Number of protein chains: 2
Amino acid sequence: MMADFEAFFDYIQEISGKLLSEDDKHLLMAHFKPKKLRRRQYFLQEGDVCKYIGFIVKGSARTFTVDEKGHEHILKLSLENWWLADFESFYLLKPSRFNIEALEDLEVLQSTNAQIEEYLKAIPAFSAMASIISQNYTIANQNRVQAAISYTAEERYEDLVKNYPHFLQRFPQNMIASYLGLSPETLSRLKKNSFK
Amino acid sequence: MMADFEAFFDYIQEISGKLLSEDDKHLLMAHFKPKKLRRRQYFLQEGDVCKYIGFIVKGSARTFTVDEKGHEHILKLSLENWWLADFESFYLLKPSRFNIEALEDLEVLQSTNAQIEEYLKAIPAFSAMASIISQNYTIANQNRVQAAISYTAEERYEDLVKNYPHFLQRFPQNMIASYLGLSPETLSRLKKNSFK
DNA sequence: TATTTGACTTGATCTGGATCAAGAGTATTT
DNA sequence: AAATACTCTTGATCCAGATCAAGTCAAATA
(Lines give C-alpha, C1' and ligand atoms only; values in the text may rest on other atoms or scores of the structure.)
Protein backbone atom coordinates (compact mmCIF):
# COMPACT_ATOMS: atom_id res chain seq x y z
CA MET A 1 0.00 0.00 0.00
CA MET A 2 2.92 2.29 0.74
CA ALA A 3 4.14 1.47 -2.77
CA ASP A 4 0.88 2.78 -4.21
CA PHE A 5 1.46 6.13 -2.63
CA GLU A 6 5.08 6.31 -3.69
CA ALA A 7 4.01 6.08 -7.32
CA PHE A 8 1.33 8.69 -6.69
CA PHE A 9 3.76 11.08 -5.01
CA ASP A 10 6.27 10.67 -7.81
CA TYR A 11 3.55 11.44 -10.30
CA ILE A 12 2.47 14.63 -8.54
CA GLN A 13 6.03 15.84 -8.17
CA GLU A 14 6.94 15.06 -11.73
CA ILE A 15 3.91 16.72 -13.31
CA SER A 16 3.92 19.75 -11.05
CA GLY A 17 7.68 20.22 -10.97
CA LYS A 18 7.36 20.81 -7.22
CA LEU A 19 8.27 18.76 -4.18
CA LEU A 20 5.83 17.36 -1.66
CA SER A 21 6.72 17.91 1.99
CA GLU A 22 6.30 15.14 4.54
CA ASP A 23 3.22 16.96 5.79
CA ASP A 24 1.80 17.07 2.27
CA LYS A 25 2.34 13.35 1.94
CA HIS A 26 0.62 12.58 5.20
CA LEU A 27 -2.27 14.76 4.22
CA LEU A 28 -2.63 12.94 0.91
CA MET A 29 -2.43 9.55 2.62
CA ALA A 30 -5.09 10.62 5.08
CA HIS A 31 -7.81 11.11 2.48
CA PHE A 32 -6.87 9.20 -0.64
CA LYS A 33 -8.20 5.71 -0.03
CA PRO A 34 -6.73 2.71 -1.84
CA LYS A 35 -9.39 0.70 -3.56
CA LYS A 36 -9.10 -2.52 -5.53
CA LEU A 37 -11.46 -3.66 -8.22
CA ARG A 38 -11.33 -6.97 -10.01
CA ARG A 39 -11.67 -7.21 -13.78
CA ARG A 40 -15.26 -6.42 -14.83
CA GLN A 41 -16.13 -4.70 -11.60
CA TYR A 42 -17.59 -1.21 -11.89
CA PHE A 43 -15.99 1.93 -10.53
CA LEU A 44 -19.15 3.82 -11.49
CA GLN A 45 -22.58 2.72 -12.66
CA GLU A 46 -24.94 4.67 -14.88
CA GLY A 47 -27.48 6.50 -12.74
CA ASP A 48 -25.23 6.80 -9.71
CA VAL A 49 -23.52 10.02 -8.74
CA CYS A 50 -19.76 9.85 -9.25
CA LYS A 51 -18.72 10.65 -5.70
CA TYR A 52 -15.10 9.65 -6.12
CA ILE A 53 -12.29 10.55 -8.40
CA GLY A 54 -9.68 7.81 -8.70
CA PHE A 55 -6.00 7.91 -9.56
CA ILE A 56 -5.06 4.67 -11.33
CA VAL A 57 -2.05 3.02 -9.72
CA LYS A 58 -2.38 -0.21 -11.67
CA GLY A 59 -4.69 -1.66 -14.27
CA SER A 60 -7.03 -0.25 -16.89
CA ALA A 61 -10.63 0.84 -17.31
CA ARG A 62 -13.15 2.03 -19.82
CA THR A 63 -15.81 4.73 -19.58
CA PHE A 64 -18.80 3.95 -21.75
CA THR A 65 -22.51 4.53 -22.40
CA VAL A 66 -25.16 2.10 -23.52
CA ASP A 67 -27.58 3.49 -26.09
CA GLU A 68 -31.26 2.57 -26.44
CA LYS A 69 -30.38 -0.16 -28.95
CA GLY A 70 -28.12 -1.72 -26.34
CA HIS A 71 -24.92 -0.72 -28.15
CA GLU A 72 -21.97 0.32 -26.06
CA HIS A 73 -19.88 3.39 -26.89
CA ILE A 74 -16.51 3.87 -25.25
CA LEU A 75 -15.80 7.50 -24.40
CA LYS A 76 -12.51 6.95 -22.67
CA LEU A 77 -9.88 4.28 -22.13
CA SER A 78 -7.72 4.77 -19.05
CA LEU A 79 -4.40 3.40 -17.82
CA GLU A 80 -1.91 3.88 -14.99
CA ASN A 81 -1.37 7.49 -13.90
CA TRP A 82 -4.70 8.63 -15.31
CA TRP A 83 -7.62 10.01 -13.40
CA LEU A 84 -10.90 8.16 -13.37
CA ALA A 85 -14.24 9.97 -13.07
CA ASP A 86 -17.27 11.22 -14.92
CA PHE A 87 -16.46 14.87 -14.39
CA GLU A 88 -19.94 16.14 -15.13
CA SER A 89 -21.34 13.94 -12.39
CA PHE A 90 -18.40 14.52 -10.07
CA TYR A 91 -18.48 18.32 -10.28
CA LEU A 92 -22.22 18.86 -10.49
CA LEU A 93 -23.37 15.90 -8.40
CA LYS A 94 -25.68 14.78 -11.19
CA PRO A 95 -26.49 11.11 -11.78
CA SER A 96 -24.05 9.83 -14.36
CA ARG A 97 -24.89 8.69 -17.88
CA PHE A 98 -21.68 6.66 -17.93
CA ASN A 99 -20.35 3.38 -16.67
CA ILE A 100 -16.74 2.97 -15.66
CA GLU A 101 -15.59 -0.64 -15.65
CA ALA A 102 -12.26 -2.26 -14.83
CA LEU A 103 -10.84 -4.01 -17.89
CA GLU A 104 -7.98 -5.48 -15.86
CA ASP A 105 -7.64 -5.82 -12.10
CA LEU A 106 -7.53 -2.24 -10.95
CA GLU A 107 -5.92 -0.37 -8.09
CA VAL A 108 -6.94 3.22 -7.54
CA LEU A 109 -6.45 5.87 -4.92
CA GLN A 110 -9.74 7.64 -4.53
CA SER A 111 -11.00 10.80 -2.93
CA THR A 112 -14.04 13.08 -2.91
CA ASN A 113 -14.59 16.44 -4.56
CA ALA A 114 -14.71 18.24 -1.20
CA GLN A 115 -11.41 16.70 -0.22
CA ILE A 116 -9.81 17.59 -3.53
CA GLU A 117 -10.79 21.22 -2.92
CA GLU A 118 -8.92 21.04 0.37
CA TYR A 119 -5.84 19.63 -1.29
CA LEU A 120 -5.91 22.36 -3.91
CA LYS A 121 -5.80 24.95 -1.16
CA ALA A 122 -3.31 23.18 1.10
CA ILE A 123 -0.75 21.61 -1.22
CA PRO A 124 0.99 23.79 -3.81
CA ALA A 125 2.35 20.82 -5.76
CA PHE A 126 -1.14 19.37 -5.93
CA SER A 127 -2.73 22.51 -7.29
CA ALA A 128 0.09 23.03 -9.77
CA MET A 129 -0.47 19.48 -10.95
CA ALA A 130 -4.20 20.12 -11.22
CA SER A 131 -3.81 23.05 -13.56
CA ILE A 132 -1.41 21.18 -15.79
CA ILE A 133 -3.70 18.15 -15.90
CA SER A 134 -6.57 20.41 -16.72
CA GLN A 135 -4.61 21.92 -19.60
CA ASN A 136 -3.69 18.49 -20.90
CA TYR A 137 -7.31 17.41 -20.68
CA THR A 138 -8.50 20.42 -22.58
CA ILE A 139 -5.95 19.78 -25.31
CA ALA A 140 -6.70 16.07 -25.54
CA ASN A 141 -10.44 16.71 -25.70
CA GLN A 142 -10.05 19.36 -28.35
CA ASN A 143 -8.10 16.87 -30.45
CA ARG A 144 -10.57 14.09 -29.85
CA VAL A 145 -13.50 16.25 -30.94
CA GLN A 146 -11.63 17.32 -34.04
CA ALA A 147 -10.76 13.75 -34.95
CA ALA A 148 -14.34 12.62 -34.44
CA ILE A 149 -15.74 15.41 -36.60
CA SER A 150 -13.30 15.64 -39.44
CA TYR A 151 -11.37 12.41 -39.78
CA THR A 152 -12.32 9.25 -41.64
CA ALA A 153 -12.23 5.89 -39.86
CA GLU A 154 -8.77 5.21 -41.19
CA GLU A 155 -7.40 8.59 -40.18
CA ARG A 156 -8.80 8.17 -36.68
CA TYR A 157 -7.05 4.82 -36.38
CA GLU A 158 -3.74 6.22 -37.63
CA ASP A 159 -4.10 9.07 -35.19
CA LEU A 160 -4.49 6.58 -32.35
CA VAL A 161 -1.52 4.53 -33.48
CA LYS A 162 0.57 7.68 -33.52
CA ASN A 163 -0.59 9.27 -30.29
CA TYR A 164 -1.46 6.30 -28.09
CA PRO A 165 0.52 3.34 -29.46
CA HIS A 166 0.49 1.57 -26.08
CA PHE A 167 -3.31 1.34 -26.28
CA LEU A 168 -2.83 -1.34 -28.93
CA GLN A 169 -0.96 -3.54 -26.47
CA ARG A 170 -3.23 -2.96 -23.53
CA PHE A 171 -6.74 -2.98 -24.96
CA PRO A 172 -8.53 -5.61 -27.06
CA GLN A 173 -9.30 -4.60 -30.59
CA ASN A 174 -13.05 -4.43 -30.16
CA MET A 175 -12.57 -1.87 -27.38
CA ILE A 176 -10.31 0.20 -29.59
CA ALA A 177 -12.93 0.02 -32.32
CA SER A 178 -15.63 1.30 -29.99
CA TYR A 179 -13.34 4.06 -28.73
CA LEU A 180 -12.85 5.15 -32.33
CA GLY A 181 -16.58 5.00 -33.01
CA LEU A 182 -16.24 2.00 -35.34
CA SER A 183 -17.66 -1.48 -35.52
CA PRO A 184 -15.15 -4.24 -34.72
CA GLU A 185 -15.56 -5.57 -38.26
CA THR A 186 -14.60 -2.26 -39.80
CA LEU A 187 -11.48 -1.94 -37.68
CA SER A 188 -10.43 -5.47 -38.53
CA ARG A 189 -10.76 -4.79 -42.26
CA LEU A 190 -9.06 -1.46 -41.97
CA LYS A 191 -5.98 -2.99 -40.36
CA LYS A 192 -5.79 -5.63 -43.04
CA ASN A 193 -5.90 -3.06 -45.83
CA SER A 194 -3.32 -0.80 -44.22
CA PHE A 195 -0.72 -3.56 -44.63
CA LYS A 196 -0.58 -3.29 -48.40
CA MET B 1 -14.32 50.97 -24.06
CA MET B 2 -15.15 51.31 -20.39
CA ALA B 3 -18.41 49.57 -21.19
CA ASP B 4 -16.48 46.58 -22.51
CA PHE B 5 -14.74 46.16 -19.22
CA GLU B 6 -17.91 46.56 -17.21
CA ALA B 7 -19.39 43.53 -18.98
CA PHE B 8 -16.14 41.65 -18.40
CA PHE B 9 -16.04 42.51 -14.70
CA ASP B 10 -19.66 41.51 -14.26
CA TYR B 11 -18.90 38.22 -15.92
CA ILE B 12 -15.94 37.44 -13.68
CA GLN B 13 -17.86 38.36 -10.54
CA GLU B 14 -20.91 36.38 -11.55
CA ILE B 15 -19.07 33.21 -12.49
CA SER B 16 -16.65 33.30 -9.56
CA GLY B 17 -19.15 34.46 -6.95
CA LYS B 18 -16.50 36.87 -5.73
CA LEU B 19 -16.08 40.62 -5.96
CA LEU B 20 -13.31 42.43 -7.81
CA SER B 21 -11.58 45.24 -5.90
CA GLU B 22 -10.76 48.52 -7.60
CA ASP B 23 -7.15 47.39 -7.72
CA ASP B 24 -8.18 44.14 -9.38
CA LYS B 25 -10.09 46.07 -12.00
CA HIS B 26 -7.19 48.35 -12.75
CA LEU B 27 -4.91 45.39 -13.06
CA LEU B 28 -7.26 43.74 -15.53
CA MET B 29 -7.60 46.91 -17.54
CA ALA B 30 -3.84 47.28 -17.66
CA HIS B 31 -3.23 44.05 -19.57
CA PHE B 32 -6.44 43.03 -21.30
CA LYS B 33 -6.35 44.91 -24.58
CA PRO B 34 -9.57 45.69 -26.45
CA LYS B 35 -9.38 44.51 -30.02
CA LYS B 36 -11.92 44.83 -32.80
CA LEU B 37 -12.21 42.57 -35.80
CA ARG B 38 -14.56 43.03 -38.71
CA ARG B 39 -16.63 40.19 -40.09
CA ARG B 40 -14.40 37.64 -41.90
CA GLN B 41 -11.23 38.85 -40.23
CA TYR B 42 -9.10 36.24 -38.52
CA PHE B 43 -8.32 36.16 -34.83
CA LEU B 44 -5.96 33.26 -35.49
CA GLN B 45 -4.58 31.71 -38.67
CA GLU B 46 -3.48 28.15 -39.17
CA GLY B 47 0.30 27.87 -38.73
CA ASP B 48 0.55 30.83 -36.36
CA VAL B 49 1.04 30.44 -32.63
CA CYS B 50 -2.02 31.48 -30.67
CA LYS B 51 -0.39 34.13 -28.51
CA TYR B 52 -3.60 35.65 -27.23
CA ILE B 53 -6.67 34.45 -25.48
CA GLY B 54 -9.70 36.64 -26.10
CA PHE B 55 -12.82 37.26 -24.09
CA ILE B 56 -15.70 38.00 -26.45
CA VAL B 57 -17.51 41.18 -25.51
CA LYS B 58 -19.59 41.34 -28.68
CA GLY B 59 -19.98 39.29 -31.82
CA SER B 60 -19.34 35.70 -32.82
CA ALA B 61 -16.61 33.50 -34.23
CA ARG B 62 -15.85 30.04 -35.48
CA THR B 63 -12.83 27.80 -34.93
CA PHE B 64 -12.25 25.50 -37.87
CA THR B 65 -9.77 23.36 -39.79
CA VAL B 66 -9.39 22.85 -43.51
CA ASP B 67 -8.67 19.28 -44.55
CA GLU B 68 -6.58 18.17 -47.52
CA LYS B 69 -9.69 18.06 -49.72
CA GLY B 70 -10.32 21.69 -48.90
CA HIS B 71 -13.33 20.93 -46.71
CA GLU B 72 -13.84 23.05 -43.62
CA HIS B 73 -14.74 21.52 -40.28
CA ILE B 74 -16.01 23.72 -37.48
CA LEU B 75 -14.72 22.66 -34.09
CA LYS B 76 -16.25 25.45 -32.10
CA LEU B 77 -18.78 28.25 -32.42
CA SER B 78 -18.34 31.10 -29.97
CA LEU B 79 -20.49 33.98 -28.73
CA GLU B 80 -20.43 36.77 -26.15
CA ASN B 81 -18.89 35.84 -22.80
CA TRP B 82 -16.91 32.97 -24.25
CA TRP B 83 -13.19 32.63 -24.44
CA LEU B 84 -11.46 32.44 -27.77
CA ALA B 85 -8.22 30.50 -28.31
CA ASP B 86 -6.70 27.33 -29.63
CA PHE B 87 -5.67 26.05 -26.24
CA GLU B 88 -3.15 23.56 -27.53
CA SER B 89 -1.28 26.32 -29.31
CA PHE B 90 -1.83 28.82 -26.52
CA TYR B 91 -0.55 26.59 -23.73
CA LEU B 92 2.22 24.78 -25.60
CA LEU B 93 3.23 27.58 -27.99
CA LYS B 94 2.84 25.24 -30.94
CA PRO B 95 1.76 26.47 -34.37
CA SER B 96 -1.98 26.06 -34.55
CA ARG B 97 -3.87 23.71 -36.85
CA PHE B 98 -6.93 25.92 -36.53
CA ASN B 99 -8.31 29.12 -37.90
CA ILE B 100 -10.47 31.42 -35.81
CA GLU B 101 -12.58 33.78 -37.88
CA ALA B 102 -15.07 36.48 -36.91
CA LEU B 103 -18.55 35.61 -38.19
CA GLU B 104 -19.92 38.97 -37.10
CA ASP B 105 -18.03 42.14 -36.19
CA LEU B 106 -16.16 41.12 -33.10
CA GLU B 107 -14.96 42.87 -29.97
CA VAL B 108 -12.62 40.98 -27.68
CA LEU B 109 -10.46 41.73 -24.69
CA GLN B 110 -7.24 39.88 -25.19
CA SER B 111 -4.26 38.93 -23.11
CA THR B 112 -1.23 36.64 -23.16
CA ASN B 113 -0.61 33.38 -21.37
CA ALA B 114 2.11 34.92 -19.18
CA GLN B 115 -0.23 37.70 -18.14
CA ILE B 116 -3.04 35.26 -17.38
CA GLU B 117 -0.68 33.41 -15.05
CA GLU B 118 -0.14 36.69 -13.21
CA TYR B 119 -3.86 37.28 -12.90
CA LEU B 120 -4.38 33.79 -11.53
CA LYS B 121 -1.92 34.54 -8.76
CA ALA B 122 -2.99 38.09 -8.06
CA ILE B 123 -6.78 38.11 -8.35
CA PRO B 124 -8.79 35.58 -6.33
CA ALA B 125 -11.99 36.20 -8.30
CA PHE B 126 -10.09 35.58 -11.52
CA SER B 127 -8.63 32.29 -10.41
CA ALA B 128 -11.96 31.14 -8.99
CA MET B 129 -13.53 31.94 -12.34
CA ALA B 130 -10.77 30.05 -14.13
CA SER B 131 -11.39 26.83 -12.28
CA ILE B 132 -15.11 27.01 -12.87
CA ILE B 133 -14.61 27.73 -16.56
CA SER B 134 -12.22 24.85 -16.75
CA GLN B 135 -14.81 22.55 -15.17
CA ASN B 136 -17.46 23.72 -17.60
CA TYR B 137 -15.12 23.18 -20.50
CA THR B 138 -14.30 19.68 -19.40
CA ILE B 139 -17.98 18.86 -19.10
CA ALA B 140 -18.92 20.42 -22.42
CA ASN B 141 -16.09 18.62 -24.20
CA GLN B 142 -16.99 15.31 -22.64
CA ASN B 143 -20.53 15.74 -23.93
CA ARG B 144 -19.39 16.81 -27.35
CA VAL B 145 -17.16 13.77 -27.72
CA GLN B 146 -19.95 11.50 -26.60
CA ALA B 147 -22.41 13.05 -29.05
CA ALA B 148 -19.92 12.76 -31.90
CA ILE B 149 -19.21 9.12 -31.17
CA SER B 150 -22.56 7.69 -30.27
CA TYR B 151 -25.32 9.88 -31.67
CA THR B 152 -26.88 9.83 -35.15
CA ALA B 153 -27.08 13.04 -37.18
CA GLU B 154 -30.62 13.61 -35.99
CA GLU B 155 -29.78 13.06 -32.34
CA ARG B 156 -26.86 15.45 -32.58
CA TYR B 157 -29.11 18.11 -34.02
CA GLU B 158 -31.75 17.60 -31.33
CA ASP B 159 -29.03 17.79 -28.73
CA LEU B 160 -27.94 21.15 -30.11
CA VAL B 161 -31.50 22.48 -30.22
CA LYS B 162 -31.90 21.50 -26.59
CA ASN B 163 -28.57 22.69 -25.22
CA TYR B 164 -27.69 25.65 -27.43
CA PRO B 165 -30.99 26.92 -28.87
CA HIS B 166 -29.58 30.44 -29.33
CA PHE B 167 -27.06 29.03 -31.82
CA LEU B 168 -29.92 28.63 -34.28
CA GLN B 169 -30.60 32.38 -34.21
CA ARG B 170 -27.01 33.48 -34.36
CA PHE B 171 -25.33 31.13 -36.81
CA PRO B 172 -26.24 30.31 -40.40
CA GLN B 173 -27.42 26.80 -41.01
CA ASN B 174 -24.40 25.69 -43.02
CA MET B 175 -22.17 26.59 -40.06
CA ILE B 176 -24.37 24.61 -37.72
CA ALA B 177 -24.16 21.69 -40.13
CA SER B 178 -20.40 21.79 -40.14
CA TYR B 179 -20.29 22.10 -36.35
CA LEU B 180 -22.41 18.94 -36.16
CA GLY B 181 -20.18 17.14 -38.66
CA LEU B 182 -22.89 17.10 -41.35
CA SER B 183 -23.21 18.33 -44.91
CA PRO B 184 -25.53 21.33 -45.29
CA GLU B 185 -27.85 19.23 -47.46
CA THR B 186 -28.24 16.61 -44.78
CA LEU B 187 -29.11 19.18 -42.13
CA SER B 188 -31.64 20.81 -44.42
CA ARG B 189 -33.39 17.49 -45.07
CA LEU B 190 -33.21 16.51 -41.45
CA LYS B 191 -35.04 19.68 -40.36
CA LYS B 192 -37.74 19.14 -42.95
CA ASN B 193 -38.38 15.59 -41.81
CA SER B 194 -38.48 16.49 -38.13
CA PHE B 195 -41.62 18.59 -38.78
CA LYS B 196 -43.91 15.64 -39.50
C1' DT C 1 -31.32 48.76 -61.49
C1' DA C 2 -28.66 45.08 -62.72
C1' DT C 3 -25.36 41.75 -61.16
C1' DT C 4 -22.96 38.95 -58.31
C1' DT C 5 -22.67 36.28 -54.20
C1' DG C 6 -24.19 33.44 -50.55
C1' DA C 7 -27.75 30.62 -48.02
C1' DC C 8 -30.94 27.15 -48.44
C1' DT C 9 -33.64 23.46 -50.68
C1' DT C 10 -34.69 19.42 -53.43
C1' DG C 11 -33.62 15.49 -56.35
C1' DA C 12 -30.58 11.68 -58.06
C1' DT C 13 -26.81 8.90 -57.19
C1' DC C 14 -22.95 7.01 -54.70
C1' DT C 15 -20.20 5.12 -50.86
C1' DG C 16 -17.99 4.38 -46.21
C1' DG C 17 -18.96 1.94 -42.76
C1' DA C 18 -22.82 -0.74 -40.28
C1' DT C 19 -25.23 -4.88 -39.87
C1' DC C 20 -26.04 -9.76 -40.30
C1' DA C 21 -24.10 -14.25 -40.50
C1' DA C 22 -20.78 -17.82 -40.18
C1' DG C 23 -16.42 -19.88 -38.95
C1' DA C 24 -11.75 -20.25 -36.72
C1' DG C 25 -8.83 -19.67 -32.93
C1' DT C 26 -8.02 -18.86 -28.05
C1' DA C 27 -9.12 -18.12 -23.22
C1' DT C 28 -11.93 -19.28 -19.29
C1' DT C 29 -14.73 -22.07 -16.66
C1' DT C 30 -16.43 -26.58 -15.11
C1' DA D 1 -10.48 -32.64 -21.01
C1' DA D 2 -14.71 -30.89 -22.39
C1' DA D 3 -17.69 -27.14 -22.64
C1' DT D 4 -18.50 -22.39 -22.93
C1' DA D 5 -17.56 -17.90 -23.99
C1' DC D 6 -14.79 -14.34 -26.06
C1' DT D 7 -12.15 -12.23 -29.88
C1' DC D 8 -11.09 -11.67 -34.44
C1' DT D 9 -11.78 -12.39 -39.34
C1' DT D 10 -14.14 -12.67 -43.78
C1' DG D 11 -18.07 -12.39 -46.87
C1' DA D 12 -22.66 -10.53 -48.35
C1' DT D 13 -25.90 -7.03 -47.99
C1' DC D 14 -27.78 -2.66 -46.51
C1' DC D 15 -28.30 2.18 -45.32
C1' DA D 16 -27.30 6.90 -43.36
C1' DG D 17 -25.38 10.50 -44.92
C1' DA D 18 -22.10 12.42 -48.61
C1' DT D 19 -21.63 14.11 -53.11
C1' DC D 20 -23.04 16.14 -57.41
C1' DA D 21 -26.20 19.05 -59.74
C1' DA D 22 -29.70 22.36 -60.40
C1' DG D 23 -32.83 25.91 -58.98
C1' DT D 24 -34.86 29.62 -55.71
C1' DC D 25 -34.54 33.49 -52.99
C1' DA D 26 -32.47 37.26 -50.51
C1' DA D 27 -28.66 40.19 -49.56
C1' DA D 28 -24.64 42.61 -50.88
C1' DT D 29 -22.26 45.23 -54.44
C1' DA D 30 -21.64 47.84 -58.62
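Values below: all heavy atoms of this structure, side chains included; hydrogens, waters and symmetry mates excluded. Order of the sequence lines sets the chain letters (A, B, ...), proteins ahead of strands, with each chain counted from 1. It should be emphasised that the depicted structure is a prediction, and the values quoted were computed from it without experimental measurement.
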Map F171(A) and L182(B) onto DNA chain D by nearest heavy atom, then report which one ends up closer to the 5' terminus. F171(A)

Show your working on side-chain hydrogen bond (donor to acceptor under 3.5 Å, both in side chains) between E72(B) and N99(B) and close with a plain yes or no. CA-CA 10 Å; E72(B) 297 179 354; N99(B) 300 279; over 6 Å; no

Round to the nearest Å and state the distance from H73(B) atom NE2 to dG17(D) atom C1'. 14 Å

Provide, to the nearest angstrom, the distance between the NZ atom belonging to K191(B) and the P atom belonging to dG17(D). 17 Å

Let me spell it out: for each of E185(A) and A153(A), pick the nucleotide of DNA chain C with the closest heavy atom. Which residue's pick is nearer the 5' end? A153(A)

Students should find this one: the first and last nucleotides of DNA chain C, 5' to 3', lying under 4.0 Å from a heavy atom of chain B. What are they? dA7(C) to dA12(C)

Heavy-atom count around H166(A) NE2 within 6.0 Å, excluding the residue itself: above 12? yes

Gap between atoms CG and C1', on L187(B) and dT19(D) respectively (whole Å): 16 Å

Rounded to whole Å, the CD-P distance (E72(A) to dT7(D)) equals 11 Å

Of M175(B) and T186(B), the one whose closest nucleotide on DNA chain C sits nearer the 5' end is M175(B)

Look at the side-chain N and O atoms of K192(A) and state whether any lies under 4.0 Å from the OP1 or OP2 oxygen of dT9(D). no

Whether the N141(A) and T138(A) side chains hold a donor-acceptor pair (N or O, under 3.5 Å, no angle test) is what I'd like checked. no

In short, S16(A) meets A125(A) closest at the heavy-atom pair CB-O, 3.2 Å

So the side chain to side chain donor-acceptor pair (under 3.5 Å) pairs with at least one residue in residues 121-131 of chain B (sequence neighbours excluded) are none

How many whole angstroms separate atom CG of N193(A) from atom P of dC8(D)? 17 Å

Would you please confirm or rule out a distance under 4.0 Å between OP1 or OP2 of dT19(D) and any side-chain N or O of H71(B)? yes

Nucleotide dA26(D), atom C1' - distance to CD of Q173(B) in whole Å: 15 Å

Which residue, Y151(B) or R39(B), contacts DNA chain D at a nucleotide closer to its 5' end, judged by nearest heavy atom? Y151(B)

Q169(A) CD to dT7(D) C1': how many Å, rounded? 17 Å

I want to verify a distance call: between dG17(D), dA21(D), dC8(D), whose nearest atom is closest to the N174(A) side chain? dC8(D)

Is the closest side-chain donor-acceptor distance between N143(B) and R97(A) under 3.5 Å? yes

Given the options R39(B), R170(B), R62(B), E104(B) meets salt bridge (charged side-chain N to carboxylate O under 4.0 Å, His left out) only with R170(B)

